[in-house]
2 protein chains.
Amino acid sequence: MNLKTATEIGKCLSNQTRVQIMEWLKDPEKHFPPHETLKHFNDGVCVTYIKEKAGLSQSTISTYLTNMEKCGILMSTRHGKWSYLKRNEETIKAYINFIS
Amino acid sequence: MNLKTATEIGKCLSNQTRVQIMEWLKDPEKHFPPHETLKHFNDGVCVTYIKEKAGLSQSTISTYLTNMEKCGILMSTRHGKWSYLKRNEETIKAYINFIS
DNA sequence: CAAACATATCTATAAATATCGATATGACAT
DNA sequence: ATGTCATATCGATATTTATAGATATGTTTG
């Protein structure tokens with residue numbers, strides 16, 4: 001982990017909704033309904049569900065998630081027309097190691 | 001640690017200089033000259049030294065440090081006319097626990 | 001291939017943050 | 001008490017970020 005990446009992660013974690021998204025994704029079963037098509041949460045949660053939970057516009061949430069993926073704290077998997085997001089614990093660990 | 005505090009800490013860590021300050025304060029001996037009056041780094045480093053190292057104005061650095069103290073990641077001790085800043089590992093640990 | 005749906009990107013504006021100079025406050029030394 | 005030094009706060013402006021609507025792209029389904 002270098003200074004630049006750490007700062008980008010800090011920016012992602014400088015907004016209440018984005019911090020909440022990170023919290024929600026710790027335990028998707030607890031915070032999101034099961035997806036109609038995919039029956040599991042192995043790859044996380046789709047953009048629409050996160051958008052509904054957060055109560056912000058689709059474009060705003062999409063931007064959030066894109067940036068969170070860019071700096072590495074989230075990872076996304078496409079399943080058909082849906083994008084699933086989950087926490088990237090590797091990067092999170094590296095970040096924690098950097099600041100502690 | 002609650003959502004609000006975690007977000008405030010995220011804001012502090014969303015700027016390159018502030019992240020660097022946190023890094024520098026991990027090992028003051030390595031990054032700062034010994035203070036003329038105080039011979040030790042037990043309470044950290046004074047504002048002026050941090051300002052000089054960062055290369056920003058006194059008012060900017062003072063604002064940074066005040067906010068970093070408010071959210072708990074730094075703690076300050078007055079020794080005469082100097083304010084010494086050091087990391088508050090307790091809060092940092094709590095924050096890490098919150099996001100991991 | 002057209003329609004429908006999910007997500008991403010673009011563009012614009014509102015809101016928040018960054019940064020500094022000026023000034024105020026607090027602490028020591030004379 | 002006054003001058004000096006260290007730090008804090010205020011006020012103003014520049015820059016960045018937030019946010020959403022519109023539009024584009026990609027994917028499935030009929």
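These numbers come from the heavy atoms of this one structure, side chains and all, not from hydrogens, waters or symmetry mates. Each chain gets a letter, A, B and so on, in the order the sequences are listed, and its residues count up from 1.
- Where DNA chain D meets chain B (any atom under 4.0 Å from a heavy atom), the bounding nucleotides read 5' to 3' are dC5(D) to dT9(D).
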Identify every side-chain donor-acceptor pair in residues 1-9 of chain A under 3.5 Å, counting partners at least two apart or on other chains, and give the distances.
{"residue": "N2(A)", "atom": "OD1", "partner": "K4(A)", "partner atom": "N", "Å": "3.3"}
{"residue": "N2(A)", "atom": "OD1", "partner": "T5(A)", "partner atom": "N", "Å": "2.8"}
{"residue": "N2(A)", "atom": "OD1", "partner": "T5(A)", "partner atom": "OG1", "Å": "2.8"}
{"residue": "T7(A)", "atom": "OG1", "partner": "L3(A)", "partner atom": "O", "Å": "2.8"}

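- Counting only distance, with no hydrogens or angles, the side chain of S62(B) and the backbone of S59(B) share no donor-acceptor pair below 3.5 Å.
- Across all non-hydrogen atoms, the minimal contact from M22(B) to L74(B) is SD-CD2, 3.7 Å.
- Here the side chains of T37(B) and W82(B) are in contact, with some heavy-atom distance below 4.5 Å.
- Y64(B) and M75(B) are assigned to two separate hydrophobic clusters, defined by single-linkage of ILVMFWY side chains at heavy-atom distances under 4.5 Å.
- Looking at residues two or more places apart in sequence or on another chain, you find no salt bridge (charged side-chain N to carboxylate O under 4.0 Å, His left out) involving R18(A).
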In 5'-to-3' order, the base (B), backbone-only (S) or no-contact (-) status of each nucleotide in nucleotides 6-15 of chain C, using a 4.0 angstrom heavy-atom cut-off, is SBBB------
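- End-to-end axis angle of the helix from dC1(C)-dG30(D) to dT30(C)-dA1(D), from C1' rotation axes over five pairs per end: 30° (rounded to 10 degrees).
- Across all non-hydrogen atoms, the minimal contact from K26(B) to I99(A) is CE-O, 3.9 Å.
- Within the structure, ring pair (Phe, Tyr, Trp, His ring centres under 6.0 Å) contacts touching residues 38-62 of chain A (residues at least two apart or in different chains) are H35(A)-Y49(A).
- L25(B) is connected to L13(B) through a chain of hydrophobic side-chain contacts under 4.5 Å among Ile, Leu, Val, Met, Phe, Trp and Tyr, so both are in one cluster.
- Ring orientation note: the planes of W24(A) and H31(A) are tilted relative to one another, at an angle of 30° to 60°.
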